[in-house]
Number of protein chains: 2
Amino acid sequence: MTQNLDALSTDTPTDYESLKARIGVLSDNMPKRLLQCAKYALANPDRIALGTTAEIASAAGVQPSTLVRFAQTLGFDGFSQMQQIFQGQLVGRSNEYTERLNKIHESGTNTPASILGNFIASSKQSLDELLMQVDTIALDKTIEALATAETIHLLGLRRAFPVVSYLHYTLGKMRVRTNLLEFTGGILEERVQFINENDALFVATFSPYSPEVVEFASKAFGRGVKVLSLTDSVLSPIARVSSTVLEVHEAEHGAFRSLSTTMCLATSLAVAVGDARKWTSLS
Amino acid sequence: MTQNLDALSTDTPTDYESLKARIGVLSDNMPKRLLQCAKYALANPDRIALGTTAEIASAAGVQPSTLVRFAQTLGFDGFSQMQQIFQGQLVGRSNEYTERLNKIHESGTNTPASILGNFIASSKQSLDELLMQVDTIALDKTIEALATAETIHLLGLRRAFPVVSYLHYTLGKMRVRTNLLEFTGGILEERVQFINENDALFVATFSPYSPEVVEFASKAFGRGVKVLSLTDSVLSPIARVSSTVLEVHEAEHGAFRSLSTTMCLATSLAVAVGDARKWTSLS
DNA sequence: TACATTTTTGAATAAACATTCTACTTGTAG
DNA sequence: CTACAAGTAGAATGTTTATTCAAAAATGTA
C-alpha cells in the first residue's frame with residue numbers, strides 16, 4: 001500500500017524497492033523504447049549498477065540517450081542518479097551503515113542505544129561476510145591440525161588475548177590439552193623449545209600486529225611446528241610464518257573494533273575440534 | 001601453494017582471490033603510499049568496485065595517480081582494469097550467498113563449514129534479539145556509572161573472563177582506570193575492601209554461575225559499591241546483588257555457547273563509556 | 001489523408017574521468 | 001655532506017562519459 005503511494009509520488013525513488021514499484025506503475029503507459037529499458041533494468045540490475053550508458057544501451061538494444069530519458073521519466077535527474085540506487089542494492093546497504101555511523105559519530109549524537117544498534121548492524125554484516133569469504137580449505141586444515149595435535153599452544157596479546165583465552169577455556173572443557181602462553185617479560189621466546197613437534201601453535205593477532213607474537217610464531221614455524229593463525233588481513237606479517245591462515249574482518253566504530261565475528265569463528269573452531277577429536281578417539 | 005605461485009606469476013590477476021594473494025606477496029617491499037592503497041583496498045573492496053579514482057583516492061588519503069600506480073604495480077594496465085576484478089567480486093557475492101548457505105546445509109551437520117554456518121546464523125539471530133530486547137534504561141545507567149567511576153573493577157571467570165579481559169584492554173586504551181580481578185586462590189574476597197565508594201564493579205557471569213563471583217559481588221554490593229552486571233538471565237543470582245543488570249542470550253550449539261553477541265555488547269559499552277568520558281572531561 | 005503530438009534518433013557538447021608527465025621530495029649509498 | 005635513486009604530488013592531457021538538442025520518425029486524431 002505504502003509502497004504504491006511512494007511510487008506514485010513525484011519524488012525521486014531513494015531505494016531499490018520504491019524504484020521497482022515506480023517502474024511497475026509507470027510501465028502501463030510507457031512508450032516502446034522506455035519499456036524496453038524497464039524490462040532490461042529489472043532483468044539485469046547488476047549491469048545497470050556497473051556498466052556505462054554506452055554498454056548498457058547496446059546490451060538493451062536502445063540508444064544511450066534513451067537510458068537518460070528513462071531515468072528522467074522515473075523522476076531522476078539523469079542516468080547517474082538512478083545508477084546509484086542500483087549500486088546501493090548491489091552492496092547491500094553496507095555503505096549506508098558506515099555512512100550513518102560516521103555521521104552519528106561526527107554530529108556527537110552518540111547515545112548508548114545508537115552505538116549498540118550500529119555495532120549490531122555491522123556485526124551482522126561482518127558475520128555475513130565471514131560466511132561468504134571464509135577459506136573453507138584453510139578452515140578444514142586448521143581443524144585437522146588442532147584435532148591431531150598433542151598439545152595446542154595458544155598465543156595472543158592485547159585485543160587477541162580474549163580470543164585465545166576463550167579457546168583455552170572451551171577446549172579445556174573438552175579435555176583437549178592446551179597451553180595458554182602469557183607474556184611475562186622477555187621470557188616468552190625461550191619457550192619455543194618446549195613446543196613438541198607433535199604440537200600445534202595457534203596464534204591470533206590483529207593490526208597493529210605485536211612484534212613479539214610474530215617473532216615467536218616465526219621461530220616456532222622455523223622449527224617445523226604447525227602454526228595456525230587467525231588474523232585480519234592478508235597483509236598481516238603472521239601470514240608468512242603460518243601453515244594455515246584464517247581471515248576475519250571485524251565490525252568497527254571509529255578506532256574501535258568489536259570481537260563479535262572473531263568469537264563466532266573461535267567458537268566454531270572449538271566445537272569442530274571437539275567433534276573431530278571424538279571421532280578419532282572412537283575409531 | 002598454488003595460490004602463491006599464481007601470485008608470483010607476472011600475469012594480471014583474474015579474480016579477487018589471486019589479487020589478494022598478489023597484494024600479500026608484493027606488500028613486503030611496497031612503498032608507503034602504495035601500502036596505504038593496499039590496506040584501503042582490502043578493507044573497502046566495495047568502494048573500489050563502485051567509486052571513481054578521485055573519490056577512492058580522497059577516502060584512502062592518497063592521490064588519484066597513486067591508485068593508478070598501485071594497479072600497475074599489481075600487474076594491471078591501469079586502475080580501470082583492476083576495478084573490474086573488484087566489481088566481479090561484488091556481483092558474484094550477492095548471487096552466491098543463498099547458494100553457499102544451501103551447500104553448507106546439505107553438507108551435513110558435522111563439517112567445520114556447517115558448524116560455522118550454524119553459529120553465524122544463530123549469532124545473527126541472537127544479535128537481533130539483543131537489539132529488540134535490550135533494556136535501554138539499564139544500558140544508560142550502566143554506562144553512566146562506568147563513565148563516572150574513579151576506577152572500574154572487572155570480574156569474570158571461566159567463559160566470562162574473555163569478556164572482562166577485553167573490557168580491561170579496550171577501556172585501558174581509552175585511559176580509563178580499570179582493575180582486572182583475577183582469581184588466585186581464596187585471596188579474592190579480601191580485595192573487596194580495596195574497592196572505593198567512588199568506584200564501580202563490573203561483573204560478568206553466565207550459567208553455571210560461579211559462586212565465588214556472586215559471593216564477591218554480594219559483599220561489594222553490601223558495602224554500597226555500584227555493581228553493574230552482565231549475565232544471561234534475570235534468574236541469575238547476580239541480579240539480586242546488582243545496581244543494573246544487562247541480559248544477553250547467546251547463540252548455542254549443543255552444550256557450547258558463543259561469545260559473539262556478548263562481545264558486541266561489551267564493545268558498545270566500552271565505546272559509549274569512552275564517549276561519555278570525553279564529554280564530561282571536556283565540559 | 002492531413003495535421004498535431006509524442007517519441008526516437010544520432011550527432012554535438014560539456015563535464016568527468018583515468019592516465020601520463022614533470023618537478024619536487026625523500027631516502028640511501030658512497 | 002654529496003650524489004644518486006626511488007617515490008610522490010599535482011598539474012596537464014587525451015579519452016570516455018553522461019547529457020542535451022535539433023531533426024526525423026512514429027503515433028494518434030479528425
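Residue numbers start from 1 in every chain, and the chains themselves are labelled A, B, ... in the order their sequence lines are given, proteins ahead of strands.
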Q | Electrostatic pair A:Arg159:A:Glu250 at N-O distance under 4.0 angstrom | A | no
Nearest-Å distance for atom pair [atom1]/[atom2], residues [X] and [N]:
X       : N      : atom1 : atom2 : value
A:Gln36 : C:dT8  : CD    : C1'   : 11 Å
B:Gln87 : C:dA18 : CD    : P     : 11 Å
A:Phe70 : C:dT8  : CZ    : P     : 12 Å
B:Gln83 : D:dT17 : CD    : P     : 11 Å
B:Ile48 : C:dA18 : CD1   : C1'   : 14 Å
A:Leu67 : C:dG10 : CG    : P     : 14 Å
B:Phe76 : C:dA18 : CZ    : P     : 16 Å
A:Met30 : C:dT7  : CE    : C1'   : 13 Å

Side chain of [X] (C-beta onward), nearest among [options]:
X       : options               : value
B:Ser65 : C:dT19, D:dT8, C:dT20 : C:dT20
A:Ser80 : D:dT19, C:dG10, C:dT8 : D:dT19
B:Phe79 : C:dA18, C:dT8, D:dT19 : C:dA18
B:Leu34 : D:dT8, D:dG10, C:dT8  : D:dT8
A:Gln72 : D:dT8, C:dC17, D:dT20 : D:dT20
B:Val68 : C:dT19, D:dT8, C:dC17 : C:dT19

**Q.** N/O (side chain, A:Gln63) to phosphate O (OP1/OP2, C:dT8) under 4.0 Å
**A.** no
Q. OP1, OP2 of C:dT8 versus side-chain N and O of A:Arg69: anything below 4.0 Å?
A. yes
Work out which heavy atom in [X] is nearest to a heavy atom in [Y]; give both atom names and the distance.
X        : Y        : result
A:Ala200 : A:Leu228 : CB-CD1, 4.0 Å
A:Leu74  : A:Pro13  : O-CD, 3.6 Å
B:Gln83  : B:Leu50  : NE2-C, 4.2 Å
A:Ala251 : A:Phe119 : O-CE2, 4.3 Å

(Q) Mind checking if B:Gln81 touches a base, just sugar-phosphate, or nothing, with heavy atoms under 4.0 Å? (A)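 The residue B:Gln81 makes no contact with any strand.
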